[in-house]
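This report concerns only the one structure given below.
All residue numbers refer to positions in the sequence shown, counting from 1. Any value given below was found using the heavy atoms of this structure, including those in side chains, with hydrogens, waters and symmetry copies removed.
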Amino acid sequence: NVGKKVVILPSSFTSGSRYMHQQYLDSIALYQTFAHPHLFITMTFNPLWPEIQERLRPGGTALDRPDLVARVFKLKKQQLIKDITSENIFGRAIARTHSIEFQKRGFPHMHIIVWLEGKSHLTETELNQIICAEIPDEEVDVEVMDGTSKKPVTKTITNPLFEAVSNFMLHGPCGTADSNLSCMRDGYCRYNFPKDYKSKTEMSEDGYPLYRRRSPEEGGNSIQKWRNNRRITYTNADVVPYNKYLLFKYNCHINVEYCHSVNAIKYHLKYINKGLDSATFTVDDANPSNEIETNEVQE
């Protein structure tokens, strides 16, 4: 449309096409400056957070309050970024980039990519310290102060980390009997679950780690849960990698992976190319020649 007026949205307009392109260029610049990133973290909204449940009307759900969902998730996001960049729970972070996506049912999740100082590759020992892919013990022994003798005594309690892994970090069950799951493609899980058992963490040929997942014969724990009206046994092969501190603190699905590729940046900004899950169209009888003016504000 040569000679027509063009109205554009600058990169300062959040979620516009130029804004998304600018975020992509900034993330690629981080990759060019600091080379491969180290950690890829995904945090998903939990509708059972007490901050949500305490403020719902009787009979209401989190889907009824998108304002509350967005506000609480933003506060959680800010605290998580503070833990990574200020509290340095993984070591000193020199750079990070993140994006937030809303699922079709209305709940958000966030991807964070983190660069750590002075590290080209993390060793197997360092990976075991920050990333776990196993089911913890169901009960743990803790020392508490006895009210009568005023002396420390050992008490067995239910491990809260076991409950968190059971609720948020188990994938599947994947198989031909559950081919209706969204992760299934031609009878196989596109996330390659269940994973292979490993007695120790190893680095694969493509640079991605194979986390320690001990088999039941090696002493690995298991969980039994009811899914699709049948009892399913989950083992360490079905655990999504996580960080113990973050999972216990935020009580939601929070996946922590070691990444050493530019593909992580392309993934967390994939909506630049995918676009939004919506479409609009108009029919204009007064303009039969189909000559329209470009106006991104109206779009």
Side-chain angles (χ1 to χ4, degrees), residues 9-30 37-57 60-116 130 160 164 167-169 240-257 259 264-278:
L9 291 171
S11 59
S12 59
F13 180 80
T14 304
S15 296
S17 59
R18 287 172 180 81
Y19 169 87
M20 296 296 291
H21 185 64
Q22 185 65 51
Q23 301 305 310
Y24 175 76
L25 294 179
D26 291 344
S27 298
I28 291 298
L30 290 176
H38 295 94
L39 297 176
F40 186 88
I41 304 171
T42 301
M43 183 174 74
T44 304
F45 176 82
N46 178 14
L48 299 181
W49 273 331
E51 295 89 345
I52 298 291
Q53 294 297 316
E54 292 172 356
R55 289 160 178 82
L56 294 178
R57 294 180 177 179
T61 66
L63 291 173
D64 302 327
R65 293 293 306 276
D67 57 330
L68 186 60
V69 168
R71 184 179 182 88
V72 171
F73 188 77
K74 181 180 180 181
L75 293 173
K76 298 279 187 180
K77 176 210 72 172
Q78 291 173 335
Q79 182 60 46
L80 176 59
I81 292 177
K82 180 180 178 182
D83 288 339
I84 297 173
T85 58
S86 299
E87 302 298 333
N88 299 323
I89 61 174
F90 297 120
R92 186 171 182 269
I94 56 177
R96 58 94 185 163
T97 178
H98 77 273
S99 64
I100 298 177
E101 302 170 6
F102 279 80
Q103 299 165 340
K104 292 183 179 180
R105 60 180 178 176
F107 292 152
H109 63 279
M110 172 178 59
H111 301 302
I112 306 179
I113 299 177
V114 181
W115 284 263
L116 301 177
I130 62 177
N167 293 331
F168 305 117
M169 306 309 297
V240 179
Y242 63 93
N243 175 265
K244 296 179 180 180
Y245 172 75
L246 293 181
L247 179 60
F248 177 77
K249 179 175 182 178
Y250 291 95
N251 194 36
C252 65
H253 175 89
I254 183 163
N255 173 218
V256 180
E257 298 270 9
C259 65
I265 295 177
K266 296 180 179 180
Y267 178 81
H268 101 104
L269 292 171
K270 61 182 179 291
Y271 283 98
I272 293 177
N273 298 318
K274 289 179 64 176
L276 303 176
D277 291 330
S278 62

Quick one: [atom1] on [X] to [atom2] on [Y], what's the gap to the nearest 0.5 Å?
X: L48; Y: N251; atom1: CG; atom2: CG; value: 8.5 Å
X: F45; Y: I100; atom1: CZ; atom2: CD1; value: 12.5 Å
X: E54; Y: L68; atom1: CD; atom2: CG; value: 10.5 Å
X: D83; Y: F90; atom1: CG; atom2: CZ; value: 9.0 Å
X: E101; Y: H109; atom1: CD; atom2: NE2; value: 4.0 Å
X: C252; Y: L247; atom1: SG; atom2: CG; value: 7.5 Å

For L39 and I130, run side chain to side chain contact (heavy atoms under 4.5 Å, CB included): C-alpha distance rounded to whole Å, both residues' side-chain angles, the deciding distance at 0.1 Å, then the answer. CA-CA 10 Å; L39 297 176; I130 62 177; 4.0 Å; yes
Donor + acceptor pair across side chains of H111, S99 (<3.5 Å): no
Going by atom types only, do Y250 and N243 share a side-chain donor-acceptor pair under 3.5 Å? no
Taking H38 for its side chain and L116 for its backbone only, find out whether a donor-acceptor pair lies under 3.5 Å.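 Checking the backbone N and O of L116 against the side chain of H38, a donor-acceptor pair under 3.5 Å is found.
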So, the side chain of D64 versus the backbone of T61: is there a donor-acceptor pair under 3.5 Å, distance only?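 Yes, D64 side chain to T61 backbone: donor-acceptor pair under 3.5 Å.
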Could you check if a side-chain atom of [X] sits within less than 4.5 angstrom of a side-chain atom of [Y], using non-hydrogen atoms only?
X: H253; Y: N46; answer: no
X: I52; Y: F73; answer: no
X: R96; Y: I113; answer: no
X: K76; Y: E51; answer: yes
X: I94; Y: V114; answer: no

For the residue pair [X] and [Y], what are the closest heavy atoms and their distance?
X: Y242; Y: M169; answer: CB-CE, 3.7 Å
X: R18; Y: P10; answer: CB-C, 4.2 Å
X: T85; Y: A93; answer: CA-CB, 4.4 Å

Hey, mind stepping through F168 and T44 against side chain to side chain contact (heavy atoms under 4.5 Å, CB included) and telling me if it holds? CA-CA 10 Å; F168 305 117; T44 304; over 6 Å; no
Go through the steps for L30 and T97 under the test side chain to side chain contact (heavy atoms under 4.5 Å, CB included), then give the verdict. CA-CA 9 Å; L30 290 176; T97 178; 4.2 Å; yes
Check this for me: [X], atom [atom1], are more than 12 non-hydrogen atoms of other residues, nucleotides or ligands nearer than 6.0 Å?
X: R71; atom1: CZ; answer: no
X: F248; atom1: CZ; answer: no
X: K249; atom1: NZ; answer: yes

Taking salt bridge (charged side-chain N to carboxylate O under 4.0 Å, His left out) as the test, write out the residues that go with K77, two or more places apart. none
